[in-house]
**Student:** 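Below is the structure I would like to discuss, written out as structure tokens.
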Amino acid sequence: MDDGARGRLTKDGIRIYEQADFAGMHKAGRLAAHILDEIAPMVEPGRSTAELDAEITRMVEEAGATSATIGYRGYQHASCISVNHVVCHGIPGDKRLKDGDILNIDVTVIVDGWYGDTSRMYVAGKLSRKAERLIQVTHDALFKGIEAVRPGNTFGDIGYAIQSYVEAHRMSVVRDFCGHGLGRVFHAPPNVLHYGRPGTGPVLEEGMFFTIEPMVNLGRPETKVLADDWTAVTRDKSLSAQFEHSIGVTADGCDIFTLSPAGRFHPTWG
Ligand code: MF3
Ligand code: CO
Ligand code: CO
């Protein structure tokens, strides 16, 4: 897919961005992360997910940015809000949060043509022990994946790092959704799988921009999409969690574009 950006494509069709492009991604990523920081105090029992989304829409507009999801394949909201056994792509609505609900909020903004895509977990009220364990393992699995990012490693190394960590904790990695290249476009090659074998897949090169966004289930990995054509849920109705960062490969590792300016990425921090 040619998105009109500068730089070259690898043989796998992965765009190699230039040094100067990192600044644009940092700016977009920082705004998305800031919005996720600012929404945190509103996540409380009694709040509807539509109210959270309305506030996110307002924040995107106030920043002079554009929502990447409004109008994307017919999607009409500035966020996806996925509660409890919803794996991803939960549609904001009138249903109100209850004490102990866990939820992922996923926001993608466009700033000066650059895409910033990030999601994290929240809790309404009191966090149960089993939900806390799921959230911790999912968070740490994302960082196991991020630690595997450096030139010369492969996308399979990232997937393997995530899958082996999750399965060691007797939880499962969702196979039906993956991370993705991004930059001047929302979704570009490659598919970033959250499972895999070491040494397989495309080789990582400096200048690649992509997301890592593992979804982890307490039960089995299978999902199904509801009749609304968006909401993905666990087939066995087990709890699911997800964290997402947008990153860029550097000479010796990676830059995380979507770090929380307030240090609030994890629901028990800040
Ligand atoms: N932000 C999601 C991702 O991580 C994509 C959401 S597309 C939407 O790739 F249309 F559902 F919003
Ligand atoms: Co994404
Ligand atoms: Co996202």
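Just so you know, these numbers come straight off a predicted model, no measurement behind them. As the structure lists them, so they are numbered: ligands from 1, and atoms in each ligand from 1.
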**Student:** Classify the contact between H77 and ligand 1 as side chain, backbone, both or neither, using a heavy-atom distance cut-off of under 4.0 Å.
**Tutor:** neither
**Student:** Taking the six-membered ring where the residue is Trp, are the ring centres of W114 and F22 under 6.0 Å apart?
**Tutor:** no
**Student:** Tell me: protein heavy atom nearest atom 2 (C) of ligand 1, and distance?
**Tutor:** D106 OD2, 3.4 Å
**Student:** Let's test this: below 2.8 Å, count the protein N/O/S atoms around the Co ion (ligand 2).
**Tutor:** 4
**Student:** Under 3.5 Å between any N/O of W230 and any N/O of ligand 1: does that happen in this structure?
**Tutor:** no
**Student:** Show which atoms of ligand 1 fall inside a sub-4.0 Å distance from at least one heavy-atom site of C80.
**Tutor:** 6 (C), 8 (C), 11 (F), 12 (F)
**Student:** Is it the case that T250 and D255 place a side-chain donor and acceptor less than 3.5 Å from each other?
**Tutor:** no
**Student:** Polar contacts were defined as any N/O atom of the residue lying under 3.5 Å from an N/O atom of the ligand; does this apply to Y72 and ligand 1?
**Tutor:** no
**Student:** Counting only heavy atoms, which portion of D117 has something under 4.0 Å from ligand 1: side chain, backbone, both, or neither?
**Tutor:** side chain
**Student:** Ring centroids only, cut at 6.0 angstrom: are W269 and H139 within range, meaning strictly under it?
**Tutor:** yes
**Student:** E213 vs H180, test: side-chain hydrogen bond (donor to acceptor under 3.5 Å, both in side chains). Steps then yes/no.
**Tutor:** CA-CA 9 Å; E213 47 182 300; H180 49 93; 3.0 Å; yes
**Student:** Establish, yes or no, whether a centroid distance under 6.0 Å links the rings of F210 and F155.
**Tutor:** yes
**Student:** I need the atoms of ligand 1 closer than 4.0 Å to a non-hydrogen atom of F186, numbered in the order shown.
**Tutor:** 1 (N), 5 (C)
**Student:** Examine T69 against ligand 1 and note whether any of their N/O atoms are separated by less than 3.5 Å.
**Tutor:** no
**Student:** Considering only the protein, which heavy-atom contact is closest to atom 9 (O) of ligand 1, and what is its distance?
**Tutor:** H187 NE2, 2.9 Å
**Student:** Considering the heavy atoms of H180, write down every atom of ligand 1 situated less than 4.0 Å from one of them.
**Tutor:** 3 (C), 4 (O), 9 (O)
**Student:** May I ask you to check whether F243 and H245 place their ring centers less than 6.0 Å from one another?
**Tutor:** no
**Student:** Determine, stepwise, if the pair S82 / N104 fulfils side-chain hydrogen bond (donor to acceptor under 3.5 Å, both in side chains).
**Tutor:** CA-CA 5 Å; S82 303; N104 174 279; 5.0 Å; no
**Student:** For the residue pair H89 and F177, does the interplanar ring angle fall in the parallel (under 30°), tilted (30 to 60°) or perpendicular (over 60°) class?
**Tutor:** perpendicular
**Student:** When you measure from the centre of the six-membered ring of Y115, is the NZ or CZ of R184 under 6.0 Å away and within 45° of the axis?
**Tutor:** no
**Student:** In the structure I gave you, are the side-chain heavy atoms of V83 and Y122 within less than 4.5 Å of one another anywhere?
**Tutor:** no
**Student:** Using a heavy-atom cut-off of under 4.0 Å, does the side chain or the backbone of E213 touch ligand 1, or both, or neither?
**Tutor:** side chain
**Student:** Within ligand 1, which atoms have a heavy atom of T108 less than 4.0 Å away?
**Tutor:** 1 (N)
**Student:** Under a 3.5 Å threshold, yes or no: a donor from one side chain and an acceptor from the other, between H77 and S79?
**Tutor:** no
**Student:** Taking all non-hydrogen atoms of both residues into account, name the closest pair between L134 and T138 and its distance.
**Tutor:** O-OG1, 2.7 Å
